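Note that the structure is predicted; figures quoted are calculated from it, not measured.
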Amino acid sequence: MTSLSIVDGGSLVDHAIRAVRNHIRDKDLKVGDTLPGEGAFASELGVSRAVMREAFGALAALRLLDVGNGRKARVGAIDGSVMATSIDHAVATAQISTTEVWDVRRSLEMRTAELAAQNRSDSDAREIMAHAADMALYNGDLDYLTRADIALHQAIARAAKNSLFTQIIRSFEPLMHNAVPSAWHTRRTPEQRVEMLVLHRDLAQAIADRDPEGAQSAMDRHFDASITDLLRSEAPTF
């Protein structure tokens, strides 16, 4: 293991975290590669095993390490759930609004729709069409509809063939579990609900047809309608 040293500033745990991350970079480790144990790092850094245990725990919470009982820590894979926790906290503590999140989503997902239409495989297209069809079968079951809606957007992100987009779109999932039913409750007539289902179907069809401009336009129209519905759901009543 490359010699690691403690530098001035920050807590011992902070330095231990930085040392582990530097080790991963210096050794050019990849997802699934194993790291030296807590004891080896503790000895090299001149800190206690308790410090290293806390450092490993913090890195595991961030999904940078995959730590399991009885085996060495491994380099973790990118995980959108970490970002999801941060975004959910920011919304819950009124640092950002749901509408702001949806505005960011619009920009990102218009691009994923465009890329999906360009890069999707046949199996991607079938999956996306299937999720759109599932939404149309909701029959008043909002939990079923929400799951199908989330699955559709995540499938589009995967079809874009950019793993960072996939993880960012995944990070919106906790908010969607709340926002989709809230917006849907504002669609009081059958015509309003059918219109939203048609938007999702058109989006899926444009991707299946390899029509980037059509897919981007359909996603834009979808967010126009969704943000309007969210604003309606958040409006005060007198």
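Put simply, Val198 and Leu145 are part of two different groups of oily side chains (I, L, V, M, F, W, Y) that touch within less than 4.5 Å, one to the next. Hydrophobic clustering of Ile, Leu, Val, Met, Phe, Trp and Tyr side chains at less than 4.5 Å, counting indirect connections, keeps Met129 apart from Tyr144. Criterion: ILVMFWY side-chain heavy atoms under 4.5 Å apart, direct or through other members. Under it, Val194 and Leu152 are not part of a common hydrophobic cluster. Residue Leu29 is grouped with residue Leu45 when hydrophobic side chains (ILVMFWY) are merged at heavy-atom distances under 4.5 angstrom, including chains of intermediate members.
Listed by chain and number, the residues in a side-chain hydrogen bond (donor to acceptor under 3.5 Å, both in side chains) with Arg71 are Asp66 (sequence neighbours excluded). With sequence neighbours excluded, no residue satisfies side-chain hydrogen bond (donor to acceptor under 3.5 Å, both in side chains) with Asp33. Residues meeting the side-chain hydrogen bond (donor to acceptor under 3.5 Å, both in side chains) test with Asp143, sequence neighbours left out: Arg147. For Gln118, the side-chain hydrogen bond (donor to acceptor under 3.5 Å, both in side chains) criterion is met by no residue, not counting sequence neighbours.
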Query raised in the report: Checking ring-ring contact (aromatic ring centres under 6.0 Å, His included) for the pair Phe41/His23: CA distance, chi angles, key distance, verdict?
Result: CA-CA 10 Å; Phe41 274 109; His23 176 83; 5.4 Å; yes
Report task. For the pair Met52 and Val20, evaluate side chain to side chain contact (heavy atoms under 4.5 Å, CB included) and give the outcome as yes or no after the intermediate values. Result -> CA-CA 9 Å; Met52 290 311 307; Val20 174; 3.9 Å; yes
Requested in this report: Would you sort out whether His222 and Met219 count as a side chain to side chain contact (heavy atoms under 4.5 Å, CB included), showing the intermediate values?
Outcome: CA-CA 5 Å; His222 162 43; Met219 186 69 85; 3.9 Å; yes
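In this structure, the side chain of Thr146 engages the main chain of Leu142 through a donor-acceptor pair within 3.5 Å. In terms of modelled atom types and a separation under 3.5 Å, the side chain of Thr186 and the main chain of Ser182 share no donor-acceptor contact. Not a single donor-acceptor pair under 3.5 Å links the side chain of Ser86 to the backbone N or O of Met83. Remark: side-chain polar atoms of Arg187 are not paired, donor with acceptor, to backbone N or O of Arg193 under 3.5 angstrom.
The line from CG of Leu197 to CG of Leu137 is 9.5 Å long, rounded to the nearest 0.5 Å. Atom CD1 in Ile87 sits 5.0 Å away from atom CZ in Phe172 (nearest 0.5 Å). In this structure, Leu175 CG and Ile150 CD1 are separated by 10.0 Å, a value rounded to the nearest 0.5 Å. To the nearest 0.5 Å, atoms CD1 (Ile24) and NZ (Lys30) are separated by 11.0 Å. To the nearest 0.5 angstrom, His131 atom NE2 is 12.5 Å from Leu203 atom CG. With rounding to the nearest 0.5 Å, the separation of CG in Asn22 from CD1 in Ile17 is 12.0 Å.
Counting only residues at least two apart or in different chains, salt bridge (charged side-chain N to carboxylate O under 4.0 Å, His left out) contacts with residues 101-129 comprise Arg105-Glu109, Arg106-Asp220, Arg106-Asp224, Arg111-Glu114, Arg120-Asp122, Asp124-Lys161, Glu127-Arg158. For residues 164-174, the set of pairs meeting the salt bridge (charged side-chain N to carboxylate O under 4.0 Å, His left out) definition, not counting sequence neighbours, comprises Asp79-Arg170.
Under 3.5 Å, the side chains of Ser123 and Ser121 contain a donor-acceptor pair of N or O atoms.
Closest approach of Gln95 and Thr93 over heavy atoms only: NE2-OG1, 2.8 Å. A pairwise comparison of heavy atoms in Val51 and Ala16 identifies CG1-CB, 4.1 Å as the closest pair. Counting all heavy atoms, side chain and backbone alike, Leu164 lies closest to Asn162 at N-OD1, 3.0 Å. Closest approach of His153 to Ile169, counting heavy atoms only: O-CG2, 3.9 Å. Of all the heavy atoms in Ala73 and Leu65, the pair that sits closest is CB-CD1, 4.4 Å. Between Ala160 and Leu115 the shortest heavy-atom distance is CB-CB, 3.6 Å.
Annotation for Glu195: atom CD does not count as buried by contact number, only 12 or fewer foreign heavy atoms lying within 6.0 Å. By the neighbour-count criterion of 12 heavy atoms within 6.0 Å, atom CZ of Arg21 is sparsely surrounded, having that number or fewer from other residues, nucleotides or ligands.
Within the 4.5 Å cutoff, the side chain of Met176 has heavy atoms near those of the Trp102 side chain. Contact check for Phe223 versus Met110: no side-chain heavy atoms found under the 4.5 Å cut-off.
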